[in-house]
Each structure stands twice: as structure tokens, then as C-alpha cells.
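None of the values given here were measured: they were computed from a predicted structure.
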Amino acid sequence: MKSSTRMLLLAVALAGAAACSGGDAADEAAPADTLTRAQRDSIIGASSLPGAGAVRDALDIADSAAARQRGVDSLMRAP
């Protein structure tokens, strides 16, 4: 059997063993996400990760567009 085939079979066996391993249901439950998308994006934008500047710029553009839309909406509601 080729080495790559053996590695594939080993990976499949390990994945199967990990999937079948018992565990407490409370341990496997994912914690609830407490941050909004905007909060997560803001944290990423403030970080030093590659591309963080683009995220920050996109947030600024979205905020500007939302402010402009609020202005238009207020004009439409005026008597």
C-alpha cells in the first residue's frame, strides 16, 4: 500500500474515533455568541491582522451610508 493511501486511511480512522468518542453533552455544547457582527468586525478592524485596515474602511463606509440614509428618511417623514 502506498504511503499516501496509508495516511488517508489513518486520518479517516482517527476522525471516526474522534467522532465516536464519548463525552458529556454539556462539554460539547458551544457557548452562545454574545457579540454582534458589527462588534466582531470592529474588533477585527482594530487589530493588527492583515486586512484589518480594509475591514475598518468598510465599517466607516457602512456607517457613512447609514447616516446618509437616516437623513433621507427624516426628510421623507417631515410634514
Side-chain angles (χ1 to χ4, degrees):
M1 199 182 314
K2 289 185 178 180
S3 177
S4 61
T5 305
R6 281 188 224 162
M7 292 300 288
L8 178 63
L9 288 174
L10 179 62
V12 169
L14 289 174
C20 294
S21 66
D24 204 2
D27 292 344
E28 295 176 352
D33 194 6
T34 57
L35 296 175
T36 65
R37 173 177 236 138
Q39 289 170 328
R40 284 191 306 267
D41 290 346
S42 180
I43 291 169
I44 292 170
S47 72
S48 61
L49 292 171
V55 172
R56 190 172 35 252
D57 291 344
L59 289 172
D60 290 344
I61 291 169
D63 290 343
S64 175
R68 195 174 14 220
Q69 187 60 45
R70 282 191 303 270
V72 170
D73 288 345
S74 67
L75 290 175
M76 300 301 258
R77 285 188 229 139

Seminar exercise, completed: The complete set of salt bridge (Lys or Arg N to Asp or Glu O under 4.0 Å) pairs with one or both residues in residues 54-68, sequence neighbours excluded, reads none

Problem set entry | Where S47 and A52 come nearest, the two heavy atoms and their spacing | O-CB, 3.4 Å

For this session: Taking side-chain contact (heavy atoms from CB on, under 4.5 Å) as the test, write out the residues that go with S48, two or more places apart.
Result: none

Exercise. Can any side-chain N or O of S42 pair as donor or acceptor with the backbone N or O of Q39 at less than 3.5 Å?
Worked result: no

Problem set entry | salt bridge (Lys or Arg N to Asp or Glu O under 4.0 Å) involving R40 - partner list, sequence neighbours excluded | D33

Exercise. Could you give the distance from OG (S74) to CD (Q69), rounded to the nearest 0.5 Å?
Worked result: 10.0 Å

Exercise. Linking Ile, Leu, Val, Met, Phe, Trp and Tyr through side-chain heavy atoms less than 4.5 Å apart, which residues share a cluster with I43?
Worked result: L35

